[in-house]
Amino acid sequence: MARHRNVRGYNYDEDFEEDDLYGQSVEDDYCISPSTAAQFIYSRRDNPSPFAEKEEHDYKDNEHSNFSVSSHQLTGTEKAQLDSCLDHMREVLGESVPEKMMVEAVLNSKFDVQQALDFVLAQVNKHDMKIKDEDNVISGKATKGINRDSQTTRTESDVVPKVTKMTVSGKKQSTGFEVPGVNAEENGHNALMPQKGISAGDGNSNLGITEVPSKPALSSQTVQALEEQNAAPTPVKKSGKAKQQIDVKAELEKRQGGKHLLNLVVIGHVDAGKSTLMGHLLYLLGNVNKRTMHKYEQESKKAGKASFAYAWVLDETGEERERGVTMDVGMTKFETKTKVITLMDAPGHKDFIPNMITGAAQADVAILVVDASRGEFEAGFETGGQTREHGLLVRSLGVTQLAVAVNKMDQVNWKQERFLEIVVKLGQFLKQAGFKESDVAYIPTSGLGGENLVTRSLSSELTKWYEGKCLLEQIDSFKPPQRSVDKPFRLCVSDVFKDQGSGFCVTGKIEAGYVQVGDRLLAMPPNETCSVKGIALHSEPVDWAAAGDHVSLTLTGMDIIKIKVGCIFCCPKEPIKVCTRFRARLLIFNIEIPITKGFPVLLHYQTVSEPATIRRLLSVLHKNTGEVTKKKPKCLAKGQNAIIELQTQRPIALELYKDFKELGRFMLRYSGSTIAAGVVTEIKE
Ligand code: GDP
C-alpha cells in the first residue's frame, strides 16, 4: 500500500521528540482496548476453534478425506516448498486452522500458496455460514442481509484497499513564535496564556471550543453571515489556457460511468468507532478481501486488540495499531450507486486535530460518528470531547451536508429512546453550528456488527422503529457539490515524493480549474514553473483531472527540494497571490482569554499550518449584518465577529474568500485549541 512520504516537509527530529510526548499522553488518558467491546467482536471467539471441533467431521465430507500426509512421499525440494507455503499461510491464518488442513490444501494445489489459501478460506467461510445459519434458526433472527461473496467478482488476492496517508507539515504545535515586526512577548501573551503543547493531558485547561458552554459561541446566523457577507465574487477572468481540446464539464459528466466524485471525511471523538465503521463498510463492499480481513483478525488478536480488526483496514501504521488511535488521515476509495467516494478517515484524538483540519479542508461532506453507549456519547459531546469541536470545524471549513452515524447501537440494545435522545441533543448543537436541519441525517449503526451499513438492517430490534436509510444509501444521496472547473487552476500540495522515473510527484486536491498532461504550472511559493508529465486519479493514469479530484501529478523541470506541503500549483497566467500579511474576517470561538494585538497563533490553511501573529485589530462587526459596531477594539472576546490583520512568518499563497471560497478559509489555533475560523478579505503584501 502506498504511503507517500513527504520528502521536503518531513522533520526527522520530530520522530524522536514526539515519541515521548505521544506515547505517554495517550496511555495515561485513554483506555485503548476496551474489554467491554470484546463480547461483540466479529471474530469467531463465540465459537472458539471451530475447526478443531469440526475438523474430523468436516474432513469426512471432504473429497480428499482419504489423504494422509505421511503416506505421501515428498522429495527434499517438495518438503522445503511445503514448509515455505505453510509459513506463508500461517502468517495469514495464524493458529486458527489445523495444520493438517493447510498441508492438504498445499499438496492439492501443487504448492500454489494462493490457491491453497483460497481453499482453506472457502472452508472457513462455509463453516462460518453454517454456524450463522444455525444461530439464525435458533434465535429466529433475520440474517444481516449481507452476502459478502456477492459484493465482488474480483479475485481474492487482488482485493486490498489502497490507503494513502496525508500527513500535516506542522503537526507539532508550539507557541510564542517569532514573527517579523511583532513581538508577542511584549504584548504579554506568553505570560497570559497557558504554555502547553498538544498533549492529551491538557484537555481540561484548554481555551478552546472543546469547552463550549450551553450556548455555543458560534451560531447558525454567524456562520452563514460570515459566508454570505464575504461571498460576492469579483469577476474572474476566464482561464487563459490555450489548450482547449477538452470540454471539461461534458467529460466530467461522462467520466466514472457518469458517477459524481465526492470527498467524504469521517469525524468524531476518539473511540467512537470511526475506523471500525468505515473498515467494515469497505469489507462489506468487497474492497477488503476475506483473506486480508482474516489476517487482520489474527494479527489484532495476537496483539491483544482483537476488537480493532476492522479499524486496521484504515489504521495502517504500526504506531496507529499499537496505540489503537488513528493519527494520519487515511484516504481510500469506494463506490456507491451514483458516486465515487474518496474517503478520508480523520483522527479523533485531540493531539491530531491539525491532521483532521487538513482532511476536513478537502472534504465536501462528512460523516460524524458518535458512540451511543451510555456515558460515551456524553463524554464525546461534553467538555473535552471532540464531537463538538469536529462539528464546528467541518462547518467552518465549508462542509454543509452531514450524516451522523449513531454507532455502537448494539451496546444500547438498539433502543429507540437512546437514539432519539442523541438526535435531539446533537440536533440542537448542529443547528447552532450552522447546519441546516434538512442537510443532516441520523443513521443508527453498529460498525463492529456491520449492521445498517451497506444494506438496511432486517433485525426486528431496529425495523420496529427505524425505516430510514442505511449508511451507504445516505452517502449515495448526498448532493454533489458545485465544482469550480471554470476558474483558473489551483492545487494545494498535501504530499511530495520522488517517483521512480524522472521528475517527482505531488499529491493534492484540485480546488479549481482543471489540468491536462503537458500543461505548464506555476508553483507558489517558490514562484517557479514546471511541466505536467503525468496525472493519476485514484492511482489510475488519466489525461486530465478537474476541480474536486484528489490527484497525483508527475512533474518535470523543477527541483523537488523547492516544493513543500502547502505550496499551491496554479495556472501561470492567473497566478495565486503570495503574501505574509492579509486581512480577514474572524469568528471567535469559545476562548477564555481575549485576543489582543500581537497574539501568536497557528494558522491552519488547507494543508499548511504556519505560525502567525494577529498584527492589528481593525473592527468588531455585527454578527448578522456585518456592520462595524466598534473601530480599533482593544481586544476580541468569545463569540465576536471582527476584522483583523494577520502576519505570517513565511510567505503563503492564498485567495480572497469572495473569489475562491475553498482557498479563502482558514482556522486559527492556539495551544492545542481552535480559537477562531476566518475568511480572507484583503491581501496586503
Ligand atoms: P475510532 O477511534 O473512532 O476510529 O474508533 P475505533 O474504530 O478504533 O474503535 C474503538 C473501539 O470501539 C474498538 O474496540 C472497536 O472494536 C469498538 N467498536 C467500534 N464500533 C463498535 C460497535 O458498533 N459496537 C461495539 N460494541 N463496539 C464497537
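Order of appearance sets the numbers: ligands from 1, and atoms from 1 within every ligand.
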> Under a heavy-atom criterion of less than 4.0 Å, does Gly268 contact ligand 1?
Replying inline: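 No, Gly268 has no heavy atom closer than 4.0 Å to ligand 1.
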
>> Let's go through Phe377 and Leu426 carefully: what are the C-alpha distance in whole Å and the side-chain angles of both, what is the deciding distance for side-chain contact (heavy atoms from CB on, under 4.5 Å) to 0.1 Å, and is it a yes or a no?
In response: CA-CA 10 Å; Phe377 168 73; Leu426 260 181; 4.0 Å; yes

>> For Lys431 and Glu437: C-alpha separation, side-chain torsions, deciding distance, then whether side-chain contact (heavy atoms from CB on, under 4.5 Å) applies.
In response: CA-CA 7 Å; Lys431 202 169 155 197; Glu437 253 170 75; 3.4 Å; yes

Number the atoms of ligand 1 from 1 as they appear, then name those within less than 4.0 Å of a heavy atom of [X], with their elements.
X	answer
Gly273	1 (P), 3 (O), 5 (O), 6 (P), 7 (O), 9 (O), 19 (C)
Asp410	22 (C), 23 (O), 24 (N), 25 (C), 26 (N)
Gln411	26 (N)
Ser275	4 (O), 7 (O)

May I ask you to check if ligand 1 and [X] share an N or O to N or O distance below 3.5 Å?
X	value
Leu448	yes
Val270	no
Leu277	no

> Do we get Arg388 above Phe429's six-membered ring, with its NZ or CZ under 6.0 Å from the centre and within 45° of the axis?
Replying inline: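 Yes; both conditions hold, so Arg388 lies above the ring face of Phe429.
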
>> Do Leu262 and Val365 have side chains that approach each other closer than 4.5 Å (heavy atoms only, starting at C-beta)?
In response: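 Yes, side chains in contact.
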
>> Just so I know, are the side chains of Met344 and Asn263 near enough to count as touching, which here means a heavy-atom distance under 4.5 Å?
In response: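 The answer is yes; the side chains approach within 4.5 Å.
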
> How far apart are the closest heavy atoms of Ile367 and Ala405, and which atoms are they?
Replying inline: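 Between these two residues, the closest heavy atoms are CG2-CB, 4.2 Å.
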
> For the rings on Phe419 and Trp465, is their centre-to-centre separation under 6.0 Å?
Replying inline: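 Close enough - the centres of the two rings lie under 6.0 Å apart.
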
> Side chain, backbone, both or neither: which part of Asn407 has a heavy atom under 4.0 Å from ligand 1?
Replying inline: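 Just the side chain.
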
